[in-house]
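Have a look at the structure below, then the notes.
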Amino acid sequence: MRVLGRVAWAWLVLLLLQLAGASHVVYQNLETEAAAVETVPPSIVDSQLRTGYHFQPLKNWINDPNAPMYYKGWYHLFYQYNPKGAVWGNIVWAHSVSRDLINWVSLKPAIEPSIKSDKYGCWSGSATMTLDGTPAIMYTGVNRPDVNYQVQNVAFPKNKSDPLLQEWDKPGHNPVIVPEGGINATQFRDPTTAWHADGHWRLLVGSVVTGGSRGVAYVYRSRDFRLWTRVRRPLHSAPTGMWECPDFYPVTADGRQHGLDTSVMANDKRPVKHVLKNSLDLRRYDYYTVGTYDREAERFVPDDPAGDEHHLRYDYGNFYASKTFYDPAKRRRILWGWANESDTAVDDVAKGWAGIQAIPRKVWLDPSGKQLVQWPIEEVESLRGKRPVSLKDRVVRPGEHVEVTGLQTAQADVEVSFEVPSLEGAEALDEALAYDAQKLCSVRGADVKGGVGPFGLWVLASAKLEERTAVFFRVFRAARGSNKPVVLMCTDPTKSSRNPNLYQPTFAGFVDTDITNGKISLRSLIDRSVVESFGAGGKTCILSRVYPSLAIGKNAHLYVFNNGKADIKVTQLTAWEMKKPLMNGA
Ligand SMILES: *[C@@H]1O[C@H](CO)[C@@H](O)[C@H](O)[C@H]1NC(C)=O
Ligand SMILES: *[C@@H]1O[C@H](CO)[C@@H](O)[C@H](O)[C@H]1NC(C)=O
Ligand SMILES: *[C@H]1O[C@@H](CO)[C@H](O)[C@@H](O)[C@@H]1NC(C)=O
C-alpha cells in the first residue's frame, strides 16, 4: 500500500472536490483517480449513516433518475450509475423495478455503451408510451471522446411481453437526433418524454444558445419516432445558462390532485396548465414555471412574466436533475429527483457509495394556480411502525424545547401541526432580503432569536444538543402594500455535525400560505443522513444531507423548539419509526 505524502493528499482532496461538483464532464482517467483513492484512510462518515428507505443501489455513484415509468404492473426506475466506483464516470443506465415504489429489486443495467453513437457514455433521457403501448426510451449518447459530442438515441424493449423490460434494443438508425443548425454539440442533452397530438410526437432537448448564455428547450417533431425534425423556434428560453434535464407536462387546473398523461391538452371542457422545469447547470437547482402551451405555435408562455427569473423551485435544498412520470395505475404524476452527498468525495470513495433519490413525490397544481404542491407518495406510509408517538396541544414557550421520546428517530416520519396564537410580535422583513430566502435564513438561522419563530424541529440531535439539524419557520410582518405575513421555511444544518469537512449551507424558501389563522404544518422524513421536509402541506420542500458524528442510530434525538418571543402550540405531532424496505439487495 502506497502512503500518500501530505502534499499529495491535499492535492487529491482538491481534485476530488472538483470532481464531486461535476456531473456532466468527461474525465479520461477517472478510474486511475479512483484507484489512487483506495489508499486513503477510512471514512470519517459513519457507516450507519447510509440511508434506510431512500432509493439507493448497493454501492457506487448514482445521479439523475431516468425514464421512470409504469409497465404491466411494475414501476421502473433507471438511473445514471458508475458501475466502477463512488465518483462520477463510466456512466450506464442502471435499472430497478418495484411493485409499490418503495421495495426495489435491482436488475442488470438496461443501457450501456454498445454502439457508435453512445460509445463514450449513455446519459440521461426519458420514456414514452407509444401508441401501441410499447415504451420507447430516448437518451443522450456521447459519441466522441475528445469534445464530449452529444446526440440523441432511441431504444425499444426486446421483449414487450416481459413486464420487467430487462433487455433493450438500439435500432441501427441511431442516432435519431444530432446537433445540427448551429447547436453547440457539447451542450445538447436530456430528451423529455414525448407528447402526441395531430399525428405528431414532440419532445424537448435541453441546450444553451451557441455563443450566448440563454438556456433553451428545442422542440423536435416526428410521425414515427424515427425521423425527427427540429421546430424552428424553441419552446422557450431564458437567460440562465444551460438547461439540463428539461421536463414538460400538463397539470389539471380544476383544483384537484389527479395527474394527467403527458399528451393531454387543454380544451374547452378541460382546464389544463403546463409546467416547464429545467435543471440549471450553473446554479445546480431545479426551477419551474407554470404557464400555457400553445400547440399551434409550439410555444410555452409562463403565466408570471417574472417567472423566467426563476423564483420557483421544486425543492430549496439538495435536489437536482428531476423527472416526472404519469402513473396510470393511480392516476397521479410522480416526481423523482437526485440528491447528491454533502460530504467530501474522499469520504464517498471510502464509504463506497454516493447519491440517493429523494422519496417519490406526488405533484399537482395548487388551487391558486401559482405553484405546484408536492407530497410523499402514500406508499411510504406502509413503512411506518405500528406504535407512533404523539404530542397534543402542547404549548412551547419562548426558549423552550420539548423532546419527543419513546421511539428511535434516526429513521422516522414526523408530522406536526403548529398554531401561532398571535402574530403581533412578528419581526419586520428587511426589504433587501425579501426576495432571497436563502440569504435571509443564513443571517437569521435557527439560533437567532426572533419574534414569531424560529420554531420547528431539531432532528438528528445529540443528547446534549451539540449536534442538531433545525427545520423551522420564521414569520415576518407583511411587507409594505400587503396584508399577508411572510413565512420563511428553513433547514439549518450548520450545527448538524462535528465533522468539519462538510458542505452545509442553510437552505430556505418562502411559503406562500396565509398564516393569519395561525396554522402551519410540517412533515419531515428523517433517514440517517437525509432530512426531507414538506412545509404547509407540500407548498415548500427542502431536502438536506447531513452527517452527524454523535446523533447516529440510537443516539439520534428529536425535539420541538421555539426560539421566538411568542408562545407557539403543537396542536398535534405524530412520529413514526420507519421500517427498512427491500432496497436493491442491501
Ligand atoms: C418474453 O417475456 C415473456 C414474459 O416474461 C416470456 O415468457 C418469454 O419467454 C419471453 N420471450 C423471449 C423470446 O425471451
Ligand atoms: C460550446 O459549449 C462549450 C462548453 O460550455 C463552450 O466551451 C464553447 O465555447 C461553446 N461553443 C460555442 C461556439 O458557443
Ligand atoms: C452537490 O454537492 C455540493 C457539494 O459538493 C455541490 O456544491 C453541489 O453543486 C452539488 N449539486 C449538484 C446538483 O451537483
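We count ligands from 1, going down the list as the structure has it; atoms in each ligand are counted the same way.
- Within a 6.0 Å sphere centred on NZ of Lys330, other residues, nucleotides and ligands contribute more than 12 heavy atoms.
- Applying the 4.0 Å criterion to heavy atoms of Tyr320 picks out, from ligand 3, the atoms 13 (C).
- Taking any N or O of Asn318, backbone or side chain, none lies under 3.5 Å from an N or O belonging to ligand 3.
- Taking any N or O of Thr186, backbone or side chain, at least one lies under 3.5 Å from an N or O belonging to ligand 2.
- Lys351 is not listed as a side-chain neighbour of Arg50, based on a closest heavy-atom distance of 4.5 Å or more.
- Short contacts between ligand 3 and Glu341, defined as distances under 4.0 Å to a heavy atom of the residue, involve ligand atoms 2 (O).
- A salt bridge between Asp281 and Arg189 is present, with a side-chain N of the basic residue lying under 4.0 Å from a carboxylate O of the acidic one.
- Ring centroid separation for the pair Phe78 and Tyr139 does not come in under the 6.0 Å cut-off.
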Identify all N/O pairs between ligand 1 and the protein with a separation under 3.5 Å and present them as a table of atom names and distances.
from     : atom 1 : to     : atom 2 : distance (Å)
ligand 1 : 2 (O)  : Asn159 : ND2    : 2.3
ligand 1 : 11 (N) : Asn159 : ND2    : 2.8

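- Using a 4.0 Å cut-off to heavy atoms of Asn184, the atoms of ligand 2 that qualify are 1 (C), 2 (O), 3 (C), 8 (C), 10 (C), 11 (N), 12 (C), 14 (O).
- With sequence neighbours left out, the disulfide (SG to SG under 2.5 Å) criterion links Cys441 to Cys490.
- Per-residue contacts place Asn340 under 4.0 angstrom from the following atoms of ligand 3 (heavy atoms of the residue considered): 1 (C), 2 (O), 3 (C), 8 (C), 10 (C), 11 (N), 12 (C), 14 (O).
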* To do: Report the C-alpha separation of Arg468 and Asp447 in whole Å, then their side-chain angles, then the decisive distance to 0.1 Å, and conclude whether the salt bridge (Lys or Arg N to Asp or Glu O under 4.0 Å) test is met.
  => CA-CA 11 Å; Arg468 56 192 199 249; Asp447 299 321; 2.8 Å; yes
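- Looking at Arg528 and Gln411, their side chains come closer than 4.5 Å, going by heavy atoms from C-beta outward.
- Under the 4.5 Å side-chain criterion, counting only non-hydrogen atoms from C-beta, Ile177 is in contact with Leu203.
- Side chains of Gln80 and Asn66: a donor on one and an acceptor on the other come within 3.5 Å.
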